[in-house]
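Could you have a look at this structure, given as C-alpha cells, before my questions?
Note that the structure is predicted; figures quoted are calculated from it, not measured. Throughout, a chain's letter reflects where its sequence line sits, starting with A, and its residues are numbered from 1.
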There are 2 protein chains.
Amino acid sequence: MPVSELSSTAQDYLKLIWSATEWADKPITVGVMAERIGVKPSTVSDGIKRLAAQGLVTHAPYGSIELTEAGREHAVAMVRRHRLLETFLVEILGYGWDEVHDEAEVLEHAVSDLMVDRIDRLLKHPSRDPHGDPIPPAVGTPAATVGFQLDQAKPGSQVTVTRISDEDPDMLRYFTELGLAPESRLTVRERRPYADVTTVRIHGQDSDIALGTTAAAAIWVVA
Amino acid sequence: MPVSELSSTAQDYLKLIWSATEWADKPITVGVMAERIGVKPSTVSDGIKRLAAQGLVTHAPYGSIELTEAGREHAVAMVRRHRLLETFLVEILGYGWDEVHDEAEVLEHAVSDLMVDRIDRLLKHPSRDPHGDPIPPAVGTPAATVGFQLDQAKPGSQVTVTRISDEDPDMLRYFTELGLAPESRLTVRERRPYADVTTVRIHGQDSDIALGTTAAAAIWVVA
DNA sequence: CACCAATGTTAGATCACTCTAACATTTATC
DNA sequence: GATAAATGTTAGAGTGATCTAACATTGGTG
Ligand SMILES: [Mn+2]
Ligand SMILES: [Mn+2]
Ligand SMILES: [Mn+2]
Ligand SMILES: [Mn+2]
C-alpha cells in the first residue's frame, strides 16, 4: 500500500508517532498526540483504533502505541517528504526557516512520489532540512540521532548545534536574530539549575546569550 | 472566505463549472460534471446543493448551474493555482506537459497563497500554462478566450496554435511526437466533413498530418 | 400530445473524522 | 493500600463525501 492511499490524518498520526521516538525515547501518549495535532483525545483514541485495524500500529486500550513495520515505513516516508519539502521551500522558493513547517505539513500529503524524487534531484539529494533534521533516504535506514539537548551541556564545554526543533516559528525567528542556527559553534558558559537558564557564547560574537529551559531544550548539539 | 477554507471537492466543482464556460458557452450539466470528476450524478447533485447552501452557486432542482460572484472568484483563483502549478512543474521540476495535469489537480488544493505568489515570482509572472491556457492574474480580469477549434478552420488558411486541451495525456504525447504544440504554425490542407478528418501541414515539416475530430477539436488556433 | 428515454433528485446506507459528555482505567498521593 | 487526579475510551451525534436503488422531471419522437 503506497503512502498516498492513507488519509492525511492517518499520515500525520504515523509521522507523529515515529517522530516522538526520534529524539527522545519515551513512548507517545494519546494526550500528547491530541495536543500536537490540535484535536481532542477522543478523536485520537478513535484514529488509533482505525490505524490498528489497518495493521499500522499495535495498541490495546490504555496500552502503549507502537508502530508496526508497515506503519514505520509509511511514517519514515512522510518524514522524508516533510523535510525535503521544507528544504525545497527554503532553497528554491526563498522561504525563511520559520515559515516552512506549516506549509510542508499540508504539502506532504499532496505531492506524488515522482515530485518528491524530482525535488530530491533538484536539491542534489540533501541530507538535512533547514532545521538540521536528517532527511531519511528513499531507501535504507534513516540517519540515527546524534547529540543531546543544550540544557544538558556541561558549563565550559564547546559544542556545535546540529538541530533546532522547528515546532515554534517565533522561537526560530528569535534564534535568527541571535544568529543561532545549525552548524553554529557555541561555548557553554554557565547553567544555573534553579534559575533554569543556560548561558552561551556564540563563537565570533562578543557577548553571552541567556536561554531559558524551553529554548535550550529546543537546541541539540554535539561536543 | 479564502479559497483554502473550501473542501477540495468544492474547489474542484467550482473550477469545473467555471472552466466549462471558458471555451464553449454551453452551461454545464450534472451528468457532465459527474463524468469529468469521476463520481455518480447523485453525488454531484448533492454537492451542488451544498455549494448552493454556501452561496457559491445558484441552482434550482432540474435547473441550470450558475456561479455566484463569490463562486466565480474562488473558481478563478483555483484555475490560477492549477495553471501556475503546471507551469512550475514543467519549468522548474522538468515535468513533461503530459504529466502535469494530474499532479496539479492535487497540489492546487494544498499550496498556500504565499506559495502561489512565490511560484509566480520565480517564473516571472507567466501568462500562459504549458498547454497555452491563460493564467488568470492574481487581481483583475482573466484573459478572454481567443481563437477557435482546428476542426472549424477553413482549408487553405494559415493558423497559429494557441492552446491544446490538457485533458488527455496520451493525446499530448502524440502531439509531442508530431511536433505540435502551442505557437506551432499550421496550414490547413483539407477537411472531409463525412470522413471526420482535418489534414494540416506544420510549417517547416515536409508531410501532411491527418487529425480526427477529437484531436482537431482539442487544438485551438487563431488566424 | 402521449409516451419513453435521458437526465437529475431523493432516500437510505456507509465511512472517516470530529465533537461533547459520560464512563473506565491507571497513576500518583496521602 | 485507599482515594483522588489524570488520562484514556466509549457512546452518541453531526458533517461531507460517496454509493445504489428508487423516484421525478424534462424533452424529444412518433
Ligand atoms: Mn501533515
Ligand atoms: Mn524541519
Ligand atoms: Mn483538484
Ligand atoms: Mn493546463
Side-chain angles (χ1 to χ4, degrees), chain A residues 1-17 20 24 26-67 70-71 74 78 105-106 108-110, chain B residues 1-17 20 24 26-67 70-71 74 78 105-106 108-110:
Chain A
M1 175 167 51
V3 103
S4 48
E5 291 188 9
L6 261 36
S7 70
S8 295
T9 306
Q11 291 176 337
D12 279 339
Y13 282 19
L14 294 174
K15 183 159 60 80
L16 181 53
I17 296 166
K26 53 176 172 40
I28 198 162
T29 65
V30 168
V32 170
M33 287 185 66
E35 163 78 35
R36 287 289 207 79
I37 295 171
V39 296
K40 300 295 171 188
S42 57
T43 303
V44 171
S45 189
D46 219 64
I48 293 290
K49 222 181 303 174
R50 271 193 304 276
L51 289 180
Q54 289 172 90
L56 298 166
V57 303
T58 56
H59 178 62
Y62 301 101
S64 67
I65 301 163
E66 309 276 0
L67 293 172
H74 283 120
M78 290 311 299
E105 195 57 56
V106 178
E108 63 191 3
H109 310 290
Chain B
M1 175 167 51
V3 104
S4 49
E5 293 189 9
L6 261 37
S7 70
S8 295
T9 306
Q11 290 175 338
D12 279 339
Y13 281 19
L14 295 173
K15 183 160 60 84
L16 181 53
I17 296 166
K26 50 173 176 38
I28 198 162
T29 65
V30 168
V32 169
M33 287 185 66
E35 163 77 34
R36 287 289 208 79
I37 294 171
V39 296
K40 300 295 171 187
S42 57
T43 303
V44 171
S45 188
D46 221 63
I48 294 292
K49 221 182 304 175
R50 271 193 304 275
L51 289 180
Q54 290 173 88
L56 298 167
V57 303
T58 56
H59 177 63
Y62 301 101
S64 66
I65 301 163
E66 311 275 0
L67 292 173
H74 281 120
M78 289 311 298
E105 195 58 55
V106 177
E108 64 191 2
H109 310 292

Separation of B:His59 atom NE2 from D:dT25 atom P, in whole Å? 14 Å
Pairs under 3.5 Å (N/O, protein and nucleotides 24-27 of chain C):
{"residue": "C:dA24", "atom": "N3", "partner": "A:Tyr62", "partner atom": "OH", "Å": "3.3"}
{"residue": "C:dT25", "atom": "O4'", "partner": "A:Tyr62", "partner atom": "OH", "Å": "3.4"}

Just compare D:dG8, D:dT18, C:dT18 and give me whichever is closest to any side-chain atom of A:Thr29. D:dG8
Got a sec? Which of residues 31-43 of chain A come in under 4.0 Å of DNA chain C, heavy atoms? A:Val39, A:Lys40, A:Ser42, A:Thr43
A:His74 side chain to A:Met78 backbone, donor-acceptor under 3.5 Å: no
Return all side-chain donor-acceptor pairs below 3.5 angstrom for residues 39-51 of chain B, not counting sequence neighbours, or 'none' if the list is empty.
{"residue": "B:Asp46", "atom": "OD2", "partner": "B:Arg50", "partner atom": "NH1", "Å": "3.3"}

For A:Asp12 and C:dT18, give me the distance from atom CG to atom C1', rounded to whole Å. 15 Å
CD of B:Glu105 to CG of B:Asp12: how many Å apart, nearest 0.5 Å? 4.5 Å
Going through the checks in order, is the side chain to side chain contact (heavy atoms under 4.5 Å, CB included) test met by A:Arg36 and A:Ile28? CA-CA 11 Å; A:Arg36 287 289 207 79; A:Ile28 198 162; 5.8 Å; no
Taking atom C1' of C:dC15 as reference, at what distance in whole Å does atom CG of A:Leu6 sit? 15 Å
Whole angstroms only, please: what is the CD1-C1' distance between A:Ile65 and D:dT9? 12 Å
B:Gln54 CD - D:dT15 P separation (whole Å): 13 Å
If you define the side chain from C-beta out and look only at heavy atoms, does anything of B:Met33 sit under 4.5 Å from B:Ile17? yes
Nearest 0.5 angstrom please: A:Glu35 CD to A:Leu16 CG, how far? 11.0 Å
What parts of residues 45-53 of chain B reach DNA chain C, counting only heavy atoms under 4.0 Å away? B:Ser45, B:Lys49
Testing the basics here: between A:Ile65 and A:Thr29, what is the closest heavy-atom pair and its distance to 0.1 Å? CD1-C, 4.4 Å
Who are the side chain to side chain contact (heavy atoms under 4.5 Å, CB included) partners of A:Val106, not counting sequence neighbours? B:Ala110
What residues, two or more places apart in sequence or in another chain, satisfy side chain to side chain contact (heavy atoms under 4.5 Å, CB included) together with A:Glu66? A:Thr58, A:Ser64
